[in-house]
Structure formats: C-alpha cells, structure tokens
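Heads up: the structure comes next, in structure tokens.
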There are 2 protein chains.
Amino acid sequence: MESSRQTLATGNLVRGLPSRSMPQELMETLVERSGVKVERIMSTGHTTPHDAWYDQDKDEWVLVVSGSARLRIEGENEDRTFSPGDWIFLPAHCRHRVTWTQAEPPTIWLAVHF
Amino acid sequence: MESSRQTLATGNLVRGLPSRSMPQELMETLVERSGVKVERIMSTGHTTPHDAWYDQDKDEWVLVVSGSARLRIEGENEDRTFSPGDWIFLPAHCRHRVTWTQAEPPTIWLAVHF
C-alpha cells in the first residue's frame, strides 16, 4: 500500500545533534512564518561575551529542553538558573545575557521569537 | 541585600502538574501576545473524538515534551508517533486528530499558535 505521508516539517529537538562541541552556538531555524521564528539552539559551554547584552526588538519565549543554563537579567543582582522544562518570557528589549551553559551533555534551548 | 528580581513570566513545563488524571485535557496559556499563544497541554489518555478533526485558522508548531502520542493527519493512511522531543509544524487548516496519548506518566505538549 503506497504511503500517503505528506511533506510536513517535523523533527526532534534532542536527536541528530553534532557529536562534538562547536566553536559557536549552533542555531537552527525550525519554522519561520508570519513574523514568528521557532529556533533550536545548542550550547556547549557558550556564554554571552562579558558585559555584552542581548537587546532584541522582538519578544522571546525560551525553554531549556535539556542540559542547564544560567541567565542574568539586566537590573537583577543574581543569575537565574534553568533546568530542563524551565522557561521564561523575555519581552522585547528586556536585556539579558547567558552567563553559563552546561557543555556535556549539551544544553538544548527552544526559542520562539515573535 | 534586597532582591532586584523582576516579575517576568516564568515556569516549568513538567513540574506542578495535577497528580491525578483529569476528565478533560488540561490546557494552560503560558504567554499570549501579538497574535501568538504559547500553551502547555497535559493529556492523560485523551484523544480527539472519533471522526472529528482539528481544523484551525492558525498555524501551529507542536512538541511532545514528555510522554508519547499518536497523531493522524487527514489524507494519510497511518498515524504518526511522537516521542519526547518530536515536533511537527501544522499549517492552518491542516486537519489532524490525536488518536492516542500516554496516560501515565501524562503526556505534556507544548503548542505555539500563530
């Protein structure tokens, strides 16, 4: 019986990862449409350069899928720690920086920019 | 030292779940803004009623965070199985139905509607 399977975009967030650390964070757009971008990010110890901040024009909803990370929000006096399942909504221009990511196993993020 | 912690929306997808099965799927909006809704869904064996289809005006990106599920896409002749980390992009009006969800431990979905 011939398969009727359609070509819908699918994937798995935690499979098919490169087996070794990357010099940069690995960012992969999973879907981008109607001004919304869903992105997988793999960090292996990467952090935001010291005294640099992400300052984004769009809102971002971000989740740690696996691994672990720490994030500093501008104006806060301590980092926030993220374990698998932890998410945060970062409104546009909420300045933040990644201060630590678990390298091994890698830290997988899911980010929705809108 | 006084905490400077801001009131940003945060949470964890797999903690703080009800300890027993629910008569209906449990849907919780995590953030809704600019026409985008990020939602957590807990299924404990729930499925779409037989011969009914989801037929949505919006695009949906959906992920199985934990548990397991099967989905039928209209026009396909077999179900697709979803394990943790598996995602699919369902364009608006791509008719689909949930044919099975793992009840115990519950199946947690993350859905982005846009």
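Throughout, protein chains are lettered first and strands after them, A, B, ... in sequence-line order, and every chain is numbered starting at 1.
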For the [atom1] atom of [X] and the [atom2] atom of [Y], what is their distance to the nearest 0.5 Å?
| X | Y | atom1 | atom2 | answer |
| --- | --- | --- | --- | --- |
| B:T48 | B:H96 | OG1 | NE2 | 7.0 Å |
| A:N12 | A:L17 | CG | CG | 8.5 Å |
| B:Y54 | B:C94 | OH | SG | 13.5 Å |

Solution key, residues 62-74 of chain B side-chain donor-acceptor pairs under 3.5 Å, sequence neighbours excluded:
| from | atom 1 | to | atom 2 | distance (Å) |
| --- | --- | --- | --- | --- |
| B:S68 | OG | B:F82 | O | 3.3 |
| B:R72 | NE | B:E78 | O | 3.4 |
| B:R72 | NE | B:D79 | OD1 | 2.7 |
| B:R72 | NH1 | B:E76 | O | 3.3 |
| B:R72 | NH2 | B:D79 | OD1 | 3.2 |
| B:E74 | OE1 | B:R95 | NE | 3.0 |
| B:E74 | OE2 | B:R95 | NE | 3.0 |
| B:E74 | OE2 | B:R95 | NH2 | 3.2 |

**Q.** Which atoms of A:W61 approach chain B - backbone, side chain, both or neither, heavy atom under 4.5 Å
**A.**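 Side chain only.
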Q: Side chain from CB out, backbone as N, CA, C, O: work out which of these in A:D59 comes under 4.5 Å of a heavy atom of chain B, or both, or neither.
A: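 Answer is side chain: those atoms of A:D59 sit under 4.5 Å from chain B.
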Q: Identify the heavy atoms of A:P84 and B:V14 that sit nearest to each other, and give their distance.
A: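 Answer, listing the atom of A:P84 first, then B:V14: O-CG2, 4.4 Å.
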Q | Option that, when pairs with chain A are counted at under 4.5 Å, heavy atom only, ranks first among B:L90, B:D86, B:I88 | A |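 Among the listed options, the one with the most contacts to chain A is B:D86.
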Q: Quick one: which of B:G11, B:G85, B:A9 has the most heavy-atom pairs under 4.5 Å with chain A, could you say?
A: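 If we count pairs closer than 4.5 Å to chain A, B:G11 comes out on top.
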Q: Spell out the residues in residues 97-114 of chain A that have some non-hydrogen atom less than 4.5 Å away from a non-hydrogen atom of chain B, in order of number; otherwise answer 'none'.
A: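 Within residues 97-114 of chain A, the residues that come under 4.5 Å of chain B (heavy atoms only) are A:L110, A:V112, A:F114.
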Q | chain B-proximal positions within residues 30-46 of chain A [heavy-atom distance under 4.5 Å] | A |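 Listed by number: A:L30, A:V31, A:R33, A:S34, A:V36, A:V38.
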**Q.** Which residues share a side chain to side chain donor-acceptor pair (under 3.5 Å) with B:D51, sequence neighbours left out
**A.**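 Counting only residues at least two positions away or on another chain, B:D51 forms no side chain to side chain donor-acceptor pair (under 3.5 Å).
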Q) Stepwise, does the side-chain contact (heavy atoms from CB on, under 4.5 Å) test hold for B:W87 with A:L13? A) CA-CA 8 Å; B:W87 61 266; A:L13 293 183; 3.8 Å; yes
**Q.** B:R80, part contacting chain A, at a heavy-atom distance under 4.5 Å
**A.**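 Both backbone and side chain of B:R80 come within 4.5 Å of chain A.
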